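The structure under discussion appears below in the form of structure tokens.
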Amino acid sequence: MTMLKPRSGMRLTVEEFMELPDTWDRRKMELDEGVLYIMIKPRLVHQFFQLKLAGFVDFHLDQFDSPPADVFTEVIVALSLERRILLAPDLTIVLQGNSAIYRDQMIEGAPDIVAEILSSDRNRDLVRKRQLYSEAGVSKYWIFDPRNDTATLLELQNGEYVERAVLTADDTLTTPLLPGLAIPLADVFRHHRRPAGEG
């Protein structure tokens with residue numbers, strides 16, 4: 001496919017979306033009901049949060065000879081090929097029992113946990129993605145807010161998310177899906193190398 005510079009609002013097929021160059025302007029792109037959405041370049045604090053959170057999960061999984069899950073950053077998650085909904089969560093966790101959803105270039109189906117770090121388009125993560133993840137059946141949705149230094153943990157119940165907890169830097173993030181995982185949020189929110197900014 002030959003394409004001029006991608007722009008938000010373009011209508012694309014799944015095939016066209018997957019053929020977009022990975023390195024285009026170093027920005028994350030998603031497809032929502034066939035409409036291309038291009039995020040602004042992430043701020044330093046956003047990248048820092050993503051790196052630290054993925055590192056905690058990855059370190060935990062490395063303790064197992066047979067890890068109970070896999071963790072990915074910004075992998076394409078096809079929540080619905082028919083509806084052309086392909087998102088790229090900041091963090092995606094898939095339990096080993098759910099690994100049948102792996103494809104060569106994407107995850108096709110609902111991961112067990114997704115996490116988003118709020119940035120300039122907060123409404124997209126707080127409203128639209130909450131709707132899409134719940135409709136797809138994603139069990140846990142974690143929302144990290146660098147502006148307020150909180151982590152909101154949502155849990156799917158009867159097809160809708162309910163708030164399990166709102167954690168602060170004084171708390172430790174755990175989940176029953178990964179026993180033993182413990183992320184002391186002070187090591188993210190109050191880290192001495194944390195860049196300035198709100199995400």
Side-chain angles (χ1 to χ4, degrees), residues 22-23 26-30 39-79 86-99 101-103 105-122 124-125 129-130 133 138-155 164-165 167-169 171-199:
D22 291 337
T23 57
R26 313 294 268 173
R27 289 199 276 176
K28 184 165 74 170
M29 294 181 280
E30 298 179 326
M39 272 63 81
I40 66 167
K41 292 182 180 179
R43 293 184 171 89
L44 293 180
V45 69
H46 183 285
Q47 293 179 315
F48 179 82
F49 272 38
Q50 186 179 35
L51 180 66
K52 295 299 289 183
L53 292 166
F56 274 111
V57 178
D58 189 59
F59 179 80
H60 172 70
L61 297 177
D62 271 349
Q63 309 309 304
F64 298 86
D65 291 332
S66 180
D70 294 309
V71 59
F72 305 93
T73 58
E74 296 186 14
V75 68
I76 295 296
V77 176
L79 297 177
L86 286 78
L87 305 183
D90 290 319
L91 203 70
T92 300
I93 299 173
V94 179
L95 300 181
Q96 282 301 334
N98 198 19
S99 61
I101 64 176
Y102 291 168
R103 302 293 180 265
Q105 288 185 285
M106 68 176 73
I107 288 170
E108 186 182 330
D112 298 283
I113 303 170
V114 296
E116 298 285 3
I117 301 160
L118 297 183
S119 53
S120 58
D121 192 352
R122 298 168 65 88
R124 182 165 169 77
D125 291 329
K129 288 190 178 180
R130 177 175 178 154
Y133 290 141
V138 177
S139 177
K140 313 283 185 186
Y141 180 24
W142 299 344
I143 303 171
F144 294 87
D145 187 351
R147 181 181 298 173
N148 301 313
D149 284 355
T150 58
T152 301
L153 310 186
L154 302 177
E155 182 175 290
R164 185 169 73 86
L167 307 180
T168 69
D171 298 312
T172 297
L173 190 160
T174 62
T175 175
L177 294 185
L178 288 174
L181 173 68
I183 302 177
L185 292 177
D187 288 355
V188 180
F189 296 144
R190 295 177 183 156
H191 197 283
H192 67 280
R193 290 191 295 108
R194 172 182 173 167
E198 296 182 348

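These numbers come from a predicted model, not from an experiment.
The CZ atom of F144 sits 11.5 Å away from atom CG of D149, with the distance rounded to the nearest 0.5 Å. With values rounded to the nearest 0.5 angstrom, L154 atom CG is found 10.0 Å from R164 atom CZ. Distance check: R193 CZ to L44 CG gives 12.5 Å after rounding to the nearest 0.5 Å. Put simply, CD1 on I101 and OG1 on T92 are 9.0 Å apart, with the number rounded to the nearest 0.5 Å. Between atom CG of residue D112 and atom CG of residue L95 there is a gap of 3.5 Å, rounded to the nearest 0.5 Å. The line from CD of E155 to CD1 of I113 is 10.5 Å long, rounded to the nearest 0.5 Å.
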Which donor-acceptor pairs under 3.5 Å do side chains of residues 68-75 form with protein atoms, sequence neighbours excluded?
{"residue": "D70", "atom": "OD2", "partner": "Q96", "partner atom": "NE2", "Å": "3.4"}
{"residue": "D70", "atom": "OD2", "partner": "Y102", "partner atom": "OH", "Å": "2.6"}
{"residue": "E74", "atom": "OE2", "partner": "Q50", "partner atom": "NE2", "Å": "3.4"}

Contacts table for residues 172-179: side-chain donor-acceptor under 3.5 angstrom, sequence neighbours left out:
{"residue": "T175", "atom": "OG1", "partner": "L177", "partner atom": "N", "Å": "3.2"}

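By the salt bridge (Lys or Arg N to Asp or Glu O under 4.0 Å) test, R124 is found to be paired with E30, D32, residues two or more places apart in sequence or in another chain being considered. Qualifying side chain to side chain contact (heavy atoms under 4.5 Å, CB included) partners for R122, counting only residues two or more places apart in sequence or in other chains: L118, L126, D145, R147, N148. Applying the ring-ring contact (aromatic ring centres under 6.0 Å, His included) test to F59 and every residue at least two apart in sequence or in another chain returns nothing. For F49, the ring-ring contact (aromatic ring centres under 6.0 Å, His included) partners two or more places apart in sequence, or in a different chain, are F189.
Between S120 and R43, some side-chain heavy-atom pair lies under the 4.5 Å cut-off. Residues I117 and L91 form no side-chain contact, since every pair of their non-hydrogen atoms from C-beta on lies 4.5 Å or further apart. Inter-residue side-chain proximity for F56 and P184 is flagged as met; some heavy-atom pair is nearer than 4.5 Å. No side-chain heavy atom of I40 sits under 4.5 Å from any side-chain heavy atom of S119. Using a 4.5 Å heavy-atom cutoff, the side chains of M39 and R27 are not in contact. Side-chain contact between D90 and H46 is present, with heavy atoms from C-beta onward closer than 4.5 Å.
A side-chain donor-acceptor contact under 3.5 Å links N98 to the backbone of A110.
For M106 against A78, the heavy-atom pair with the smallest separation is SD-CB, 3.5 Å. In plain terms, the two heavy atoms of Q47 and P42 that are nearest each other are NE2-CG, 3.8 Å. Considering all non-hydrogen atoms of both residues, Y133 and E116 come closest at OH-OE2, 2.7 Å. Nearest heavy atoms, M29 versus A88: O-CB, 4.5 Å. Nearest heavy-atom pair across P67 and D65 is CD-O, 3.6 Å.
Considering D187, V188, V45 as possible partners of R194, the one that fulfils the side-chain contact (heavy atoms from CB on, under 4.5 Å) test is V45.
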